[in-house]
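Report on one structure; see the data block that follows.
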Amino acid sequence: MRLLQEKPPPGPERRTALARLTDEWLAALFAAAAPPKGVALVAVGGYGRAELSPRSDLDLLLLHDGSAPQEAVAALADRLWYPVWDLGIALDHSVRTPAQARATAAEDLKVQLGLLDARPLAGDTALAAALRSTVLADWRNQAVRRLPELAELCRDRAERAGELRFLLEPDLKEARGGLRDAQALRAVAASWLADAPRDGLDTARRRLLDARDALHLATGRATDRLALQEQDAVAAELGLLDADTLLREVYEAAGIVTYASDVTWREVGRVLKARSARPRLRTLLGGRAGERKQPVERTPLAEGVVEMDGEAVLALSARPERDPALPLRAAAAAAQHGLPLSPHAVRRLAATAKALPVPWPAEAREALVTLLGAGAPAVPVWEALEAEGLVTRLLPDWERVRHRPQRNPVHTWTVDRHLVETAVRAASLTRRVGRPDLLLVAALLHDIGKGWPGDHSVAGETIARDLAARIGFDRTDTATVATVVRHHLLLVETATRRDLDDPATVESVAAAVGTVGTLELLHALTEADALATGPAAWSAWRASLVADLVKRVTGVLAGEPLPDPEAAAPSAEQERLAVEALRTGEPVLALHTQGEQPLDPDEPEPVGVELVIALPDQPGVLPAVAGVLALHRLTVRAADLRAVELPAELGPGPGSVLVLDWRVAAEYGSLPQGHRLRADLLRALDGTLDIPARLAEREAAYPRRRGVQAPPPRVTVAPAESRLATVLEVRAQDAPGLLHRIGRALEGAAVRVRSAHVSTLGANAVDTLYVTRPDGSLLPDEEAVDLARTLEAALG
């Protein structure tokens, strides 16, 4: 207990010391309880391995040979368990005979795994040692049946807890690649059926244990989840620079455990398959297995690479020391045939293969493209290369993005895995571009700048230029790759945050892209990048906006003139609604449900529906409409506002009508009926519907989730983005009614909103507003900056 109060630094010595002190305490309790003969106190599980973290529970077995009276054994158990509970220590306990322990282990795999690490603490040590030997023998005898059960247990746990190396708040014990998997590898090794790759495994396991120790010390409680709010304190306990450094170390350790698990379970499957085939082989040969040795079958895959026993291995004639392209050729062959790359082959390649000359020969460049173009099968092959350090040898700048966390819940993967996943997604889009090789390499490198300070696109352009030249592309192709990396966010950010009807928007993209071929590559990379980011990063709505932008830019690059948005007449429907609004003096709306369904049946986010509203021009329209939509739980994708001047012959008299063309989608459930929207809009405009109060009531009904506090909102003026309006970009925490609050602030500043474009990624909203003075002129620079500060203050 002294160690818990002193908080010594985490590490194996602390765990050993804590286990030793606990052993002494429990042994003293056992002796003071006057135990009968034939009884032993046994530590099992993590405590049996002497791996006690500061807040670990104690796994104890009171083992007896059945000779003592049952009442005496029960009384002894009470005298042992109650002092532990009195100290507030969690306890997992049982009282069994050896026969009962074996029977329970036969039925419960977790019990059997715990008994594999049984360690006597006090009493009849021979009884405890005999049980451990018997359980270990049972485990080896039953391995053919129990190991598949253990593999299924590991898979189920991974589905529940996820992959440790990609989670922002990982469970160090339960997630895939965590301490449970490390324990499973020990159990496999104990079966003598297969063994895990040992390189780095003990170090990785120790690093995870150290992180758990530090987590217990930092929080003062028994927890295995590395929550965001605890990571800085845990890093400090371990003497690390910051939370990102902590996560990178944890991810690297988990990656080693995961790779060892994949290799080990593949070997287990191969051994079990071979054993199940022996009886059939004996029947076919008409004799005992082993009487006639079958030749090992090797199928050629590429020069120096063959398939053997379900893996890609090096051919007997392969000479890695003379063949620098062999690592990439072997990887490409494995991925193309959907095979794992043998860990023995990778280890040999890492140890003996010569470095590629710079620039690479064409064969090596083509092998890299072939590997990336294989799609999903490339991922385990790439990870095999990473496990032995071959990737950073081929691409030195890769080291800076290895295991780098992305502190944004939109992202599913770490930076390095995201790059590989983007290449996987790009592999399915290669038929859409003229240069598939440039698409795949740009996909692999598009976020390579995230390992450097500043704008990762700017840093990435320089790195990509160097790497593309290193890989062996000529000057023109190298420039194209660099341009695509520099502008890999251009299409989606422009399409979702800018007015596509503004000629300046389309012209700026055309100037940045330069050629139709580069635009083609950017379009495919945009989709691949978003799909590889996570489900919140891509939708049918975003896809339609990007496609529209690409179509317009293609026209500009082909020399086609852009239409003048000022000269564009309202549509027939807009004109009809405007006439009706002017005649009645009230809002008129139309809700078009065509296109409400998503482009993909599995797409979680609908494209949205078009909502057109016409009403006599008056103050307060934007906040009123935005507020009503928020109350009806409609998500705004885009909003276009225009004043329509109607001639006398079209209505009861000349007048100005405001026409709002919105794209909205139901947050959940079905769309509200149009007459309900109209009724609430009338009430909002005449002041009888208090929208701020209603939104506040809703927010109060849902308690805030604990977590990292959101940064304050930020409003910036986009320089020279439009010749038609001043462009403001609002970045804030997404919340119901955000656009309503923005509208109220702008109304108070006496500016006119020409259009609004709403983009949401996870918890972050980026709303772009095109605003003018009431007379339609742009705001002077100083006035625009003042408006941005006013808007920031209103949202904060």
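Remark: the backbone N or O of Pro359 is not paired with any side-chain donor or acceptor of Arg365 at under 3.5 angstrom. Side-chain atoms of Gln406 come within 3.5 Å of backbone N or O of Trp413 as a donor-acceptor pair. Side-chain atoms of Arg225 come within 3.5 Å of backbone N or O of Glu169 as a donor-acceptor pair. Proximity of a side-chain donor or acceptor of Glu520 to a complementary backbone N or O of Gly434 within less than 3.5 Å is detected. The backbone N or O of Ala718 sits nowhere less than 3.5 Å from a side-chain atom of Glu729 that would complete a donor-acceptor pair. A donor-acceptor contact shorter than 3.5 Å links the side chain of Gln231 to the backbone of Leu168. Checked by atom type and distance alone, the side chain of Thr494 never pairs as donor or acceptor with a backbone atom of Leu491 at under 3.5 Å. Here the side chain of Tyr259 pairs no donor or acceptor atom with the backbone of Pro380 at under 3.5 angstrom. The closest donor-acceptor contact from the side chain of Arg329 to the backbone of Glu303 lies under 3.5 Å. Side-chain N or O atoms of Arg435 include none that pairs as donor or acceptor with a backbone N or O of Thr518 at under 3.5 Å.
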Inset, instruction - Show the numbers, then the answer: is there a side chain to side chain contact (heavy atoms under 4.5 Å, CB included) between Val250 and Leu246? - result: CA-CA 6 Å; Val250 167; Leu246 166 68; 4.0 Å; yes
Legend entry - Full working for salt bridge (charged side-chain N to carboxylate O under 4.0 Å, His left out) between Arg552 and Asp548: CA-CA 6 Å; Arg552 295 171 188 241; Asp548 185 18; 3.1 Å; yes
Inset, instruction - Could you walk me through whether Thr258 and Arg176 pass the side-chain hydrogen bond (donor to acceptor under 3.5 Å, both in side chains) test, one step at a time? - result: CA-CA 7 Å; Thr258 299; Arg176 183 167 185 259; 4.7 Å; no
Inset, instruction - Starting from the C-alpha separation in whole Å, work towards a yes-or-no answer on side chain to side chain contact (heavy atoms under 4.5 Å, CB included) for Leu349 and Leu314. - result: CA-CA 9 Å; Leu349 289 168; Leu314 298 185; 4.1 Å; yes
Inset, instruction - Dump the intermediate steps for salt bridge (charged side-chain N to carboxylate O under 4.0 Å, His left out) on Arg157 and Asp181, then the final yes or no. - result: CA-CA 9 Å; Arg157 187 175 63 250; Asp181 278 343; 2.5 Å; yes
Inset, instruction - Go through the steps for Arg407 and Leu228 under the test side chain to side chain contact (heavy atoms under 4.5 Å, CB included), then give the verdict. - result: CA-CA 10 Å; Arg407 293 190 174 275; Leu228 288 172; 3.4 Å; yes
Inset, instruction - Show your working on side chain to side chain contact (heavy atoms under 4.5 Å, CB included) between Arg542 and Thr496 and close with a plain yes or no. - result: CA-CA 7 Å; Arg542 286 189 173 88; Thr496 57; 3.9 Å; yes
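The two residues Gly178 and Leu164 have their closest heavy-atom pair at CA-CD1, 3.6 Å. Between Ala384 and Val346 the shortest heavy-atom distance is O-CG1, 3.3 Å. Across all their heavy atoms, Leu557 and Gly514 have their closest contact at CD2-O, 3.7 Å. Shortest non-hydrogen contact noted between Leu167 and Tyr251 is O-OH, 2.5 Å. Pairing each heavy atom of Ala235 with each of Ala243, the nearest pair is CB-N, 4.1 Å. What you find for Ala333 and Leu301 is that their closest heavy atoms are CB-CB, 4.1 Å.
Using a 4.5 Å cut-off on side-chain heavy atoms (C-beta onward), His487 and Val513 make no contact. Residues Ile463 and Leu445 have side chains not in contact (no heavy-atom distance under 4.5 Å, counting atoms from C-beta outward). Val758 is not listed as a side-chain neighbour of Arg637, based on a closest heavy-atom distance of 4.5 Å or more. Looking only at side-chain heavy atoms (C-beta outward), His418 and Thr533 come within less than 4.5 Å of each other. Residues Val481 and Ile471 are not in side-chain contact: their nearest non-hydrogen atoms beyond the backbone lie 4.5 Å or more apart. By the 4.5 Å heavy-atom criterion applied to side chains, Ile448 and Leu395 are not counted as neighbours. Proximity of Thr370 to Gln336: side-chain heavy atoms (C-beta onward) are separated by under 4.5 Å at one or more points. Between Glu388 and Pro343, the closest side-chain pair of non-hydrogen atoms is not below 4.5 Å.
Glu493 contributes atom CD, which lies 9.5 Å from atom OG1 of Thr768 (distance to the nearest 0.5 angstrom). Atoms CG and CG, on Leu215 and Asp224 in that order, are 7.5 Å from each other to the nearest 0.5 Å. Rounding to the nearest 0.5 angstrom, the gap separating the CG atom in Leu390 from the CH2 atom in Trp382 is 10.5 Å. Here the CG-CZ distance, from Leu394 to Arg470, works out to 8.0 Å after rounding to the nearest 0.5 Å. Of the inter-residue distances, the one linking Glu399 atom CD with His403 atom NE2 reads 8.0 Å to the nearest 0.5 angstrom. Once rounded to the nearest 0.5 Å, the distance linking CG of Leu545 with CZ of Arg497 reads 12.5 Å.
Salt-bridge annotation for Glu461 and Arg465: present, with a side-chain N of the basic residue lying under 4.0 Å from a carboxylate O of the acidic one. Taking 4.0 Å as the cut-off between side-chain N and carboxylate O, Asp156 and Arg160 do not count as a salt-bridged pair. Remark: Arg417 engages Glu383 in a salt bridge, criterion side-chain N to carboxylate O under 4.0 Å. Using a cutoff of 4.0 Å between basic side-chain nitrogens and carboxylate oxygens, Lys173 and Asp171 are not scored as salt-bridged.
Checking Thr476 against Asp474 by side-chain atom types alone, no donor-acceptor pair falls below 3.5 Å. For the residue pair Thr526/Asp529, the side-chain donor-acceptor check at 3.5 Å is not satisfied.
Other residues, nucleotides and ligands place no more than 12 heavy atoms under 6.0 Å from the CZ atom of Arg714.
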